[in-house]
**Student:** 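Here it is: the structure, laid out below.
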Amino acid sequence: MNEPRLPAPTPADPPAVMQAVRARTPARILVGRSGPAYRTPTALELRHDHAAAVDAVHAELDLSPPLVERWGLFEVRTRARDKAEYLMRPDLGRRLDDPAREAMTRQCPPGADVQVVIGDGLSVAAVAAQVPALLPLLEAETRRRGWTFGRPFAVRYCRVGVLNDVGELLDPTVVVLLIGERPGLATAESLSAYLAYRPRAGHTDAQRNLISNIHARGVPPEAAAPRVLALADKMRQMQTSGVAVKEDLAALPPPL
């Protein structure tokens, strides 16, 4: 004789450990479900975050007036003619066009110890959110070390490989490229800082270093700035960058 089936137990509230896990990550874990689907609030958040990611990729760079006024920021372009070509032809985003080369040669002093470049990359939202806070911290820490800080400028339709053209034209010791990362569903405002020691034509990612996930829930600007300059210092000492240069997080000073 079959025993009677007991009703399924009513799920209890997630235990404290699950709540702690959810608090530490924006990933959609332990959010529950409605049948085979997300619950309505989760589904709406997902659609919102997806729309923000799409907007971040397709938006055009718009430099804020305070940035332009404080640093004399100017804009140049790569060989990509528009956003559509930039997305389809990454190679064009790695090379500066001829007007850009002329403008940089005319307006940027050569041979700076640190040359900061702002690239739109795949998230203009990241540039708008992080660069206004990060750029003054980088300048302050550079000058505190007694180094020269080159005139920053922005590159529209920019890929990481543009570092090589900047190195060829201006010959800075270290180039720092602040560029919008490919947005995801956790955030569309994540910035990367790519560094290279005396970049030249033909250099690849093997000759570059990276500090990624610069945003409010990742590496905040006040923590990113000392990491960038500590890496730059190590590059200057070793006279190289890339796979041979490792971060020493234990030796970092307190955040600015």
Side-chain angles (χ1 to χ4, degrees), residues 56 59-78 96-97 99-158 160 162-163 165-167 169-181 187-196 199 211-216 218-233 236 253-256:
E60 292 285 352
L61 182 66
D62 185 15
L63 299 176
S64 66
L67 282 178
V68 174
E69 293 169 8
R70 178 168 179 179
W71 281 279
L73 210 61
F74 65 98
E75 178 190 312
V76 298
R77 294 191 176 209
T78 63
L96 295 165
D97 66 10
R101 294 167 176 272
E102 191 277 331
M104 290 166 52
T105 303
R106 185 179 70 253
Q107 300 187 61
C108 294
D113 292 320
V114 174
Q115 175 65 57
V116 173
V117 181
I118 301 165
D120 53 0
L122 292 173
S123 178
V124 170
V127 175
Q130 314 307 334
V131 169
L134 182 56
L135 188 56
L137 295 174
L138 293 175
E139 182 192 34
E141 179 64 11
T142 299
R143 299 201 186 281
R144 186 189 70 79
R145 293 171 180 266
W147 301 345
T148 55
F149 188 77
R151 181 178 179 179
F153 59 92
V155 181
R156 189 181 292 269
Y157 309 138
C158 179
V160 174
V162 83
L163 283 164
D165 277 2
V166 174
L169 287 166
L170 301 179
D171 193 31
T173 305
V174 176
V175 183
V176 179
L177 173 62
L178 307 178
I179 188 168
E181 294 177 3
T187 180
E189 297 184 348
S190 187
L191 191 80
S192 283
Y194 282 85
L195 295 86
I211 296 172
S212 62
N213 295 301
I214 302 173
H215 60 91
V219 181
E222 59 270 20
R227 288 179 62 183
V228 168
L229 271 298
L231 265 177
D233 192 9
R236 288 164 53 91
L256 297 174

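The first residue in the sequence is number 1, and the count goes up from there.
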**Student:** Would you confirm whether Asp171, through its side chain, and Gly111, through its main-chain N or O, come within 3.5 Å as a donor-acceptor pair?
**Tutor:**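 Side chain of Asp171 to backbone of Gly111, a donor-acceptor pair under 3.5 Å: no, none is there.
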**Student:** Is there a donor-acceptor pair under 3.5 Å between the side chain of Thr148 and the backbone N or O of Asp113?
**Tutor:**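 A pair under 3.5 Å: yes.
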**Student:** Measure the CG-CG distance between Leu63 and Asp120 for me, rounded to the nearest 0.5 Å.
**Tutor:**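 Going from the CG atom of Leu63 to the CG atom of Asp120 covers 9.5 Å.
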**Student:** For a side chain to side chain contact (heavy atoms under 4.5 Å, CB included) check, start with the C-alpha distance between Val174 and Trp147, then their side-chain angles and the critical distance, and finish with the verdict.
**Tutor:** CA-CA 11 Å; Val174 176; Trp147 301 345; over 6 Å; no
**Student:** For side chain to side chain contact (heavy atoms under 4.5 Å, CB included), just list the numbers for Leu96 and Leu169, CA-CA rounded to whole Å, side-chain angles, deciding distance to a tenth of an Å, and then say yes or no.
**Tutor:** CA-CA 10 Å; Leu96 295 165; Leu169 287 166; 3.9 Å; yes
**Student:** Does the side chain of Tyr157 come within less than 4.5 Å of Leu61's, by heavy atoms?
**Tutor:**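 Answer no - side chains too far apart.
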**Student:** Would a distance-only check, ignoring hydrogens and angles, find a side-chain to backbone donor-acceptor pair under 3.5 Å from Arg236 to Thr173?
**Tutor:**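 A pair under 3.5 Å: no.
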**Student:** Looking at Cys158 and Thr78, what are the two nearest heavy atoms and their distance?
**Tutor:**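 Looking at all heavy atoms of both residues, the closest pair is CA-CG2, 4.1 Å.
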**Student:** Check Glu189 against His215 and note the closest heavy-atom contact, atom names and distance.
**Tutor:**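 Answer, listing the atom of Glu189 first, then His215: O-CB, 3.4 Å.
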**Student:** Using the rule given for side chain to side chain contact (heavy atoms under 4.5 Å, CB included), can you reason through Val124 versus Asp62, listing the C-alpha separation, both sets of side-chain angles and the distance that settles it, and then say yes or no?
**Tutor:** CA-CA 8 Å; Val124 170; Asp62 185 15; 5.9 Å; no
**Student:** Begin with the C-alpha distance, continue with both residues' side-chain angles, and end with the deciding distance and a verdict on side chain to side chain contact (heavy atoms under 4.5 Å, CB included) for Arg101 and Asp165.
**Tutor:** CA-CA 9 Å; Arg101 294 167 176 272; Asp165 277 2; 2.9 Å; yes
**Student:** Could you grab the distance from atom CD of Gln115 to atom CG of Leu163, nearest 0.5 Å is fine?
**Tutor:**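 Those atoms lie 11.0 Å apart.
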**Student:** Could you check if a side-chain atom of Val166 sits within less than 4.5 angstrom of a side-chain atom of Met104, using non-hydrogen atoms only?
**Tutor:**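 Val166 reaches Met104 side chain to side chain.
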**Student:** Strictly by modelled atom types, are Ser123 and Glu181 linked by a side-chain donor-acceptor pair under 3.5 Å?
**Tutor:**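 Note: Ser123 and Glu181 side chains miss the donor-acceptor criterion.
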**Student:** How many angstroms lie between CD1 in Ile179 and OG in Ser212, if you round to the nearest 0.5 Å?
**Tutor:**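 If I round to the nearest 0.5 Å, the distance is 13.0 Å.
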**Student:** Taking all heavy atoms of Leu137 and all of Ala225, pick out the closest pair and write down the distance.
**Tutor:**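 That would be CB-CB, 3.6 Å.
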**Student:** Are any of the side-chain heavy atoms of Trp71 and Ile118 separated by less than 4.5 Å?
**Tutor:**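 They are not in side-chain contact.
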**Student:** So do the side chains of Arg70 and Pro136 get within less than 4.5 Å of each other, counting heavy atoms only?
**Tutor:**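 A side-chain contact exists here, since the closest heavy-atom pair is under 4.5 Å.
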**Student:** Could you grab the distance from atom CD of Glu102 to atom CG of Asp97, nearest 0.5 Å is fine?
**Tutor:**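 Reported value, rounded in 0.5 Å steps: 11.0 Å.
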**Student:** Which one of Val228, Val114, Leu177 satisfies the side chain to side chain contact (heavy atoms under 4.5 Å, CB included) criterion with Leu195?
**Tutor:**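 Going through the options one by one, the only one that passes is Val228.
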**Student:** Got Glu141 and Pro226 here, is their nearest side-chain heavy-atom distance under 4.5 Å?
**Tutor:**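 Not in contact.
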**Student:** Could you tell me the separation between the CG atom of Asn213 and the CG atom of Leu191, rounded to the nearest 0.5 Å?
**Tutor:**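 With rounding to 0.5 Å, CG (Asn213) is 10.0 Å from CG (Leu191).
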**Student:** Could you tell me the separation between the CD1 atom of Ile214 and the OG atom of Ser190, rounded to the nearest 0.5 Å?
**Tutor:**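 It is 7.5 Å, given to the nearest 0.5 Å.
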**Student:** So which atom in Gln130 and which in Pro221 form the shortest heavy-atom distance, rounded to 0.1 Å?
**Tutor:**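 Taking Gln130 first and Pro221 second, the nearest heavy atoms are OE1-CG, 4.0 Å.
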**Student:** What closest approach, in Å, do Ala125 and Ala188 show between heavy atoms, and which atom pair accounts for it?
**Tutor:**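 Closest approach of Ala125 to Ala188: CB-O, 3.6 Å.
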**Student:** Kindly give the heavy-atom pair with the smallest separation between Val76 and Phe153, and that separation in Å.
**Tutor:**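 Here Val76 and Phe153 meet closest at CG2-CD1, 4.0 Å.
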